[in-house]
2 protein chains.
Amino acid sequence: MPRQVDHDERRRRLTEALLRIAGTRGLQAVSMREIAAEAGVSLRVVQYYFTNKQALLESGLLELGARGRRRVRQRVADAADTLSTRGVLAAVLGAIVPFDEQSRLDSMAWTAYYTAALTDPALAAAGLTLPNALEDFLTVRLTAAQQAGDIAPDRDPRAEVAGLLALANGLTSSVLSGQRSYEAATKLIDYYLDRLFGPDRAPRSQANEIGAGADAAASRGASPRRSARDRH
Amino acid sequence: MPRQVDHDERRRRLTEALLRIAGTRGLQAVSMREIAAEAGVSLRVVQYYFTNKQALLESGLLELGARGRRRVRQRVADAADTLSTRGVLAAVLGAIVPFDEQSRLDSMAWTAYYTAALTDPALAAAGLTLPNALEDFLTVRLTAAQQAGDIAPDRDPRAEVAGLLALANGLTSSVLSGQRSYEAATKLIDYYLDRLFGPDRAPRSQANEIGAGADAAASRGASPRRSARDRH
DNA sequence: CTCGTTAGGATACAACTGTATCCATTCGGG
DNA sequence: CCCGAATGGATACAGTTGTATCCTAACGAG
């Protein structure tokens, strides 16, 4: 074997180049030649390590899913109060909304893939199944919390989890478009968690600091375009 | 003037053809020639009535916004109990989530436009400002309801509205991808409205008499009923 | 009638796409 | 030593894209 090369490493580099393009210029800007240029290799190399553009796109989607799972796991592990159900929920939801430049790029790419999958069955088959496992996991967790008396008995754990995940999804959209900052999004999540767990039960944040005020159009659209770049 | 033709009508037909393609096959499938074929005219006609593809896309975005506004207005007008704030909220949120084939196609096209606008400033400038006016309107409305005692005083009207709109947005995503049915989405919305207005809370003001008193047990089964997936 | 503007058919063109092919290296095992 | 597989550079090809150009009808105003 001459010039033995680590194929997995090459493929990983190309996949990363693809995701960099998809996250900054969109999926429609992704072409074989663009990927080659972004990765600093020739077109032939891209063709050599991926038989198809389709295979390349699937690899990108897979990597994106892996990154998302890694991010959620990391966030949950980082939360010191992992024992509290509320802490887990806050960590998971906070990991869904883009919170730094990298997660913002990945969210962009994910959105692009999601949209493409809506009209491309081949992509849809390649899997956008990230949320389902999360939903089940959190529902079990919240149900246990309810039996422990942490949330009111008239709450529906499954509905609450589904709603919170959909909320995080919607907030992601607004953060990506610059309508909302990441901080505003997490404040909103905290507000809803306060409603769920009771504000006095959780020492994390106050109930009404978002502006319980009267008039509507006071302060919105705080940060236009690229705003979500901060550490956490 | 020979062969006088209604330009607005021609442009409308072409815009509708564009949106039909965008809603079924995605924005990346929209080309000048495809639009021409879909509208049953020649390529030249498309070029004749729209100087640019850019102009065509902007026209589609404008029309999409107009349809959305029309749909919300229609839904709100249709709600018999328009006087109740809860009824207005339910109508607006129910009009955001796609509820029939046409609104589903439009939501698809809207999602495609939204994604494209994330990486194309020209499209972003052409306006995705539909939600802002809604948010202000509903916030004013909900603030008034709070002062009338329809919702608990520790609720933050602005946060509630922002959350509900983000929720509707997230639910739209899941409905489009087939993860959830429209009915499941509205049940979830009703569940959250129950939490907000209080299912057993008696109407304490003159502003509302019907609608706000939806009882709790009615929608306790708001579980989204998704297939449980195994995790490993 | 004729003439100039309006409405569109037919075609061209350069750029870009994914994919395929041809060919030159490189190097480990025989 | 050397042969064949591994690696990749260069280029070709057919299709699609947005846009531009050329040219022919149509028809109301003069």
Side-chain angles (χ1 to χ4, degrees), chain A residues 1-22 24-61 112-113 116 119-123 126, chain B residues 1-22 24-61 112-113 115-117 119-123 126:
Chain A
M1 311 291 186
R3 182 62 95 84
Q4 262 303 27
V5 164
D6 186 346
H7 279 218
D8 287 340
E9 199 272 344
R10 277 276 202 278
R11 273 190 263 263
R12 197 167 46 78
R13 255 188 222 291
L14 291 173
T15 302
E16 285 167 0
L18 153 59
L19 290 183
R20 237 174 291 136
I21 298 173
T24 51
R25 283 178 288 157
L27 213 48
Q28 90 290 346
V30 169
S31 75
M32 303 289 255
R33 282 165 243 256
E34 281 296 328
I35 293 173
E38 175 73 28
V41 298
S42 76
L43 169 62
R44 185 64 230 275
V45 173
V46 182
Q47 285 188 282
Y48 190 77
Y49 290 98
F50 289 94
T51 59
N52 262 346
K53 187 185 184 183
Q54 181 65 26
L56 202 26
L57 289 178
E58 286 175 10
S59 168
L61 186 49
Y113 265 108
T119 52
D120 180 3
L123 267 185
Chain B
M1 308 295 185
R3 182 64 93 82
Q4 262 304 25
V5 163
D6 186 344
H7 280 218
D8 288 338
E9 200 271 346
R10 277 276 201 278
R11 271 189 264 263
R12 197 168 46 79
R13 255 188 224 290
L14 291 172
T15 302
E16 283 167 2
L18 152 59
L19 291 183
R20 239 175 289 136
I21 299 173
T24 51
R25 283 178 288 158
L27 213 48
Q28 90 289 346
V30 169
S31 74
M32 303 289 255
R33 281 165 243 257
E34 281 297 328
I35 293 173
E38 175 73 27
V41 299
S42 76
L43 168 61
R44 185 65 232 274
V45 172
V46 183
Q47 285 187 282
Y48 190 76
Y49 289 98
F50 288 94
T51 59
N52 261 345
K53 187 185 184 183
Q54 180 66 25
L56 202 26
L57 288 178
E58 286 176 9
S59 169
L61 185 48
Y113 266 108
T115 303
T119 51
D120 180 3
L123 266 185

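Every chain is numbered from 1, with letters handed out A, B, ... down the list of sequences. Since this is a predicted model, take the numbers as computed values, not measurements.
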Can you tell me how far P of C/dG18 sits from CG of A/Leu27, to the nearest Å? 11 Å
Check the distance between D/dG15's P and A/Met32's CE and give it to me in whole angstrom. 19 Å
Counting only heavy atoms and a strict 4.0 angstrom limit, can you tell me which residues of residues 45-53 of chain A come near DNA chain D? A/Val45, A/Tyr48, A/Tyr49
Looking at B/Arg11, I want to see if its CZ is surrounded by more than 12 non-hydrogen atoms of other residues, nucleotides or ligands under 6.0 Å. yes
Does the side chain of B/His7 get closer than 4.0 angstrom to OP1 or OP2 of C/dA7 through an N or O atom? yes
Check every atom of D/dG18, D/dT11, C/dG8 against the side chain of A/Leu43 and return the nucleotide holding the closest atom. D/dT11
Counterpart residues, side-chain contact (heavy atoms from CB on, under 4.5 Å), relative to B/Ala17 (two or more places apart): B/Arg20, B/Ile35, B/Glu38, B/Ala39
Measure the distance from CG on A/Leu14 to P on C/dG18 and round it to the nearest whole Å. 14 Å
Distance-only, no hydrogens or angles: does the A/Asn52 side chain make a donor-acceptor pair with backbone N or O of A/Ala55 under 3.5 Å? no
In whole Å, what is the span from the CG atom of B/Leu57 to the C1' atom of D/dG18? 12 Å
Let me know the distance between CZ of A/Arg33 and P of C/dG18, rounded to the nearest Å. 7 Å
Would you check if the side chain of B/Gln54 reaches a backbone N or O of B/Thr51 as a donor-acceptor pair within less than 3.5 Å? no
Report the distance from atom CZ of A/Arg44 to atom C1' of C/dA24, rounded to the nearest whole Å. 12 Å
For atom CD of B/Glu34 and atom P of D/dT19, their distance in whole Å: 16 Å
Measuring to OP1 and OP2 of D/dT16, would you say a side-chain N or O of B/Ser31 lies under 4.0 angstrom away? no
Take a 6.0 Å sphere around CZ of A/Arg13 and say whether it holds more than 12 heavy atoms from other residues, nucleotides or ligands. no
I'd like to know if the side chain of A/Tyr49 and the backbone of A/Arg12 have a donor-acceptor N/O pair within less than 3.5 Å. no
